[in-house]
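First up is the structure itself, then whatever we jot down about it.
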Amino acid sequence: MVTMEKIKRTQLYRSIFRHGYKDTKPNRMHQIVSNVFLHLHPTSVWRHATEIRYTWGMGGITFLLFIVLTVTGVILMFYYRPTAEYAYADMKYLEHDVPFGMFLRNMHRWAAHLMVITVWLHMLRVFLTGSYKPPREFNWVVGVVLLVLTLLLSFTGYLLPWDQLAMWAITVGTNMARATPFLGHEGPFGPELGMKPDNDIRFLLLGGTQVGPPALLRFYVFHCIALPLLAAIFMIVHFWRVRKDGGISRPSEKE
Amino acid sequence: MTLSEQARNTTPLRKEVPIDKSRGLWITRRDFLSLTGWLAVFAFLGTALLGTIRFFFPRVLFEASPVFKAGFPDEYALGEVSSKYLKSKQVWIVREEEGFYALSAVCTHLGCTPRWLETENKFKCPCHGSGFHLSGINFEGPAPRPLERIKIMLNENGELVVDKSVKFLFERDEWGKPGSFLKV
Amino acid sequence: MIRIFKQRRLIPVEERRYGAIFFVCAALLTVTTIWAVIDEVWVRRPWKAYQKDFNELELQKAVVELRNAEQTFQSMEVQSRYSELQHNLQSAEAALEDDKYRRLTKELEEIESHIAELSRKLQFTRSESDEVYYRYKTALHRSEKAEREKEQLDHLEREKEKLSGELANAQKRRLTLQKQIRGFVQQIESLRDSLTTLRADILSWQRKIEAIKSRSIEIKQIILLDFDDNNFGGRISRVERCMTCHLGADKPGFENEKEPFTRHSYLLDLHPVEKFGCTPCHGGQGVALTARSAHGKVEFYHNPLLGEGTRERLCGKCHEDLEFPESPTLSDGRSLFESSGCLGCHNVEGYVKVPNIGPPLNRIAFKVKPAWIMRWILNPKSYLPQTKMPNFHSTEDEANDVRAYLLDASEQKPKPQRITVRSLDARWIQEGETIFRMARCISCHLVDGKGGTIAPDLVNITTKVQLDWLFDWIKNPRAYQPNTKMPRYRFTDQEILKIITYLNSLKTSEISSEDENFAYSSGEVKRGEKLVIEYGCLGCHDPVGQEAVGGKVGADLTFFGDKPIENFDFGDVTNISRTKEAWILSKLQNPRAFATERIAQKMPDYGFGIKESRAFSTVLLGFTEEHPPEPFILRRQPESSYIPPGEFGKLVTDLNCLTCHKINGRGGTLAPDLSYQGSRTNAAWLKKFLSNPTTLRPTLVERMPKFNLTDKEIDIIINYMRTTLVNEKVPSEFLSGEKFSMPEIEQGRKLYHEKYRCQSCHQINYEGGTMGPELVSTDMNIRERRTAGWIFQWIKNPKTLDPATLEPVLGLSDEEALLITKYLLSY
């Protein structure tokens, strides 16, 4: 105990942990505000914001899953090569011989499925509790963008195993882009604007006219860098707006 | 009135009971649950960390095998320093009157590939000028120790087999060991 | 439960406790973590245990071997030899204490350092000389005087020469010293070597045991570079890890161990695993490391491990040959597949081209009787049980329509009858039979259940064909069908009539009277044409008339083996298992089994049994998209394009010699290969044989027919053979006119009977084995038949003359072979 006290008095310790756990209101506030991970939280919350059955904790769970996906995804990147020769084989190696490879791959896969579900549930909850209403109407829009990004992440990740399922799912999925108005070569006004199979939006997505090695590389970059980055930016805005628009939504306080 | 509002208006069901430490229990039930819970979390994080570290050491490698066949002994002329496997395997195979030995073509100074100079009867490293005798012993330049010898043997077909994963170091007095020299 | 939640709601939200929930979640997390570790370390790594078991097993075996080796070493004779050698070694080592040896080694040391000194000096001098030479030359180029340099250079050159001389001397001295020292050491070394040799077995087993003990448990793999295709036409490598568990596959001594440690059959030696891997032959998922997954017994895996009965399926991926002893089922299946005409209706991309198997029908009206056509279409096997023509299960009306069409489209109509058979003339019948037997027609044709299978059964031939056609046919078969296998016999018209009379007497059924006034309508012809096209008659027969030649009527079978089970239509059949094998077996034995009232099926009935169907399923399920790279594939040898030239060629074509004989790689395998006939057979014997072929091998059905050749024709054949069909290894005119002495013959006899025991396979005067052909008997004498040169070369090394012969190569010397030859020629 005495040594602990001594350690706590050293400059090194105090340079890292500026505040003790003294249970006073200002100190509690300091703890939150001065911690990089916690400062997104309000220093105090409304009583009913802690009511689980009101929010289901869905936003938080979704964010947790996003973190799980980021961590497992980054680890998987160490063994996965996004080329036509190796992609499928690398997935097989992860499955069969890499230590904990199958575990990590399955964690990534199931977390991804789960994240799509929790995002939808989160949206459903927001809708049911009417939390999209002013002043939160902009955050609803940000939320919709995040939903789309989640779906895109799921879609781009689908191609990476590079098996038959992946090939055909992406073939079907990207064929929808042919019919994009103005930008697709089979969409309304597309041909009139000079859209052809080799210069329309689908081409941009695939880097070719069919699902091939360039599409794999493109989807890999989207999946691992572009989309997560975008999602992270929108998440920052989303969380920030939760705070600024009156905190986590809760039952009305009109007693 | 919602249930929670009701709840606020009634008195709390549970009261803070001062803990009597003298009653023998050194920890409360609440603290026990919390402690075991945190233990579980840290056990998980620890395992995950160890697992992740293990993840970075793959079980199989897709590297070329260090063992390779180098043809039959009669393909080598007496006194020849064969550079046949220099480019692909970084190995010289030397045929002496009494037999064969294989030298690793990695300079012991900083790892360049030396060259065999026939006229001067020595290995010469182009990077910093280290020189080695035919035997692999260093005699000039900055190289601190002789070239490494590599395991060479015959397989059941009578072919030469070189195993780069087994090295024989002169300074550890390993050049006399079986495998460092193949008698013919 | 609900009550607990209701009560909980009564607690103010900020005072609710979550300790229990937290605890439960934490417990779940712990359990999952432990599970993940167990799964990773044990459950999904069964090979660790297998390798441990295998190492133990191998260690046990090695320990036993080591004990045996030690026992041998402990035996009296080895021990006495060992101590003797050791004694010798000690005395030899004592000799080293000699003064002379010490002096020599000391001198050698001195000379070594002297040589080092000299060569360093020489090197320095050489470098200096190089430098001076450079300066000297540059001075000259600048047209300066270079006397000083010249002087220096000369001095250095002299120095160099002197040093080289000294060095050479020193080296010479070193060599002598080394030789002398070696004289001392050599004996010791050789004694040491012999000592080690005595213990060699023990040492090697000890090393082996050490190696086994220090073996690490690891995944073993082989990479087949660029073995597979990816979806974009690029090649990708295949990774094989089967040997991680199947550890004894290439180890002698593991023949009787349980799987996965069993040793592979000898086929592994023919297909070294580093080159061929495992899955190209066996199927399975090479990269996987648990049994179920590695054996491909997982959902959607397209190439599962082949088990009992299906094991030959993948052999055909590389081996294109038809005859292949290692995979009898596949070979059977392939020859059935090709000879049944499957490729007429089904397309298999990349399969060897096979010609149409059916006879042309464009002159059918001239050849056969209308009533017979009807019978034939309705049930071909009732007339000719061996026929390849399948049963289409047609109705009478359909058969009638097809007949009408065929007769209508026929280019040649029947002529008014010219010949008649004297069906009651017993003398003609008997003479006809004699001619028939003499000509050995039953070498190819079946009569009374006896005879060859090359050509059709002739019992009811006169109920089938028009007699006029038969007459013309026997007279000159090529006139009707240019590519027939039937030879042209040189029969007289009278002889032919007699043969026909004889054949007519054989018939077991009567000729229908319907033929006399047979007629058909144009409606029938139209319907018939449609049927001919629809049922794929053109798959086997050349087009008869003006039918449009469309694509193949059957399903494409190129990737039949890849077809998922969902794509197989089982129709109303519910009593067989839903597997591809069961479907194929059922389909081939009863091709219309899966027809329903809405889906008709056209494939005719070939009358295949279960064995044939199994063979077919091996072939069909091997038609998959997977294909090994070109270097792995053993293409079928194309048939030789040899065409016998000139007069001889005309005779060969006319007599259809190549139906049975092979010449220079082309022809049948029924009768001996004639490529070296000129070297092999004496001309006199050949002449006798061709004018009247006697029975050479009485047990055979297929014998050389009598063609009634003229002397001129026989001379043409023999001349060609003697000049062209010869083997260079066989000496011509060998031993001709020589007389053999009795002692020579006696020596030869001894070699034949005692040393090489030739009589265990060959007969001389009915004594000896029957494995090989008889050499001397009352109606056969090798001296008359074979040339001396052939006999000599054959005895020396039969494989040089016939690589496929069963006769062993005994490795006789020229002298021995000559003696045996002389002995055989003495009979």
Side-chain angles (χ1 to χ4, degrees), chain A residues 44-55 57 61 64 68 72 81 83-107 110 159 161-168 170-171 208-217 248 250-251 253 255, chain C residues 5-6 8-9 11-18 21 32-33 35-41 43-48 218-221 223-242 244 285-290 292-294 298-302 562 564 625:
Chain A
S44 55
V45 291
W46 291 88
R47 172 197 301 265
H48 285 292
T50 57
E51 179 73 275
I52 283 184
R53 73 192 161 81
Y54 196 75
T55 61
I61 290 173
L64 176 74
V68 167
T72 54
R81 289 165 288 181
T83 61
E85 290 80 23
Y86 297 131
Y88 181 73
D90 285 344
M91 187 208 37
K92 284 282 173 191
Y93 302 149
L94 276 167
E95 187 179 331
H96 292 300
D97 65 79
V98 176
F100 292 101
M102 188 59 167
F103 180 73
L104 284 162
R105 180 167 175 247
N106 275 344
M107 208 156 142
W110 288 110
L159 183 65
W162 205 232
D163 53 8
Q164 286 294 320
L165 185 66
M167 293 270 306
W168 293 106
I170 304 308
T171 302
T209 54
Q210 57 171 355
V211 180
L216 179 63
L217 186 57
I248 198 165
R250 57 194 183 279
E253 302 273 350
E255 65 266 84
Chain C
F5 279 114
K6 280 219 167 130
R8 211 176 135 77
R9 278 199 203 172
I11 307 170
V13 68
E14 67 272 28
E15 283 173 24
R16 286 183 205 152
R17 285 171 188 169
Y18 294 88
I21 295 170
T32 322
T33 310
W35 181 21
V37 171
I38 289 173
D39 186 64
E40 167 62 36
V41 180
V43 179
R44 292 161 42 69
R45 316 286 171 211
W47 44 272
K48 289 181 179 172
E218 63 189 5
I219 296 171
K220 300 170 197 298
Q221 69 178 17
I223 300 165
L224 305 179
L225 280 176
D226 297 339
F227 195 84
D228 288 312
D229 271 344
N230 70 6
N231 287 325
F232 307 97
R235 301 299 283 180
I236 45 176
S237 302
R238 190 186 277 200
V239 174
E240 304 268 275
R241 292 170 175 166
C242 314
T244 306
Q285 188 175 200
V287 72
L289 288 163
T290 54
R292 213 169 69 90
S293 184
V298 284
E299 223 187 345
F300 304 124
Y301 194 71
H302 64 288
D562 284 331
E625 206 168 346

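- Contact of C:F5 with chain A is not made at all, since no heavy-atom distance falls under 4.5 Å.
- For the pair C:I219/A:H96, no side-chain contact is recorded, criterion being any heavy-atom separation below 4.5 Å from C-beta on.
- Only the side chain of A:F103 comes within contact range of chain C, with at least one heavy atom under 4.5 Å from a heavy atom of that chain.
- Contact count against chain A (heavy-atom pairs under 4.5 Å) is highest for C:V287 among C:T290, C:V37, C:V287, C:V41.
- More than 12 heavy atoms of other shown residues, nucleotides or ligands fall within 6.0 angstrom of atom OH in C:Y301.
- Residues C:R9 and A:E51 have side chains not in contact (no heavy-atom distance under 4.5 Å, counting atoms from C-beta outward).
- Taking a cutoff of 4.0 Å between a charged side-chain nitrogen and a carboxylate oxygen, C:E40 and C:R45 qualify as a salt bridge.
- Only the side chain of C:S293 has a heavy atom closer than 4.5 Å to any heavy atom of chain A.
- In this structure, the portion of A:V211 lying under 4.5 Å from any heavy atom of chain C is its backbone and not its side chain.
- Taking 4.0 Å as the cut-off between side-chain N and carboxylate O, C:R235 and C:D229 count as a salt-bridged pair.
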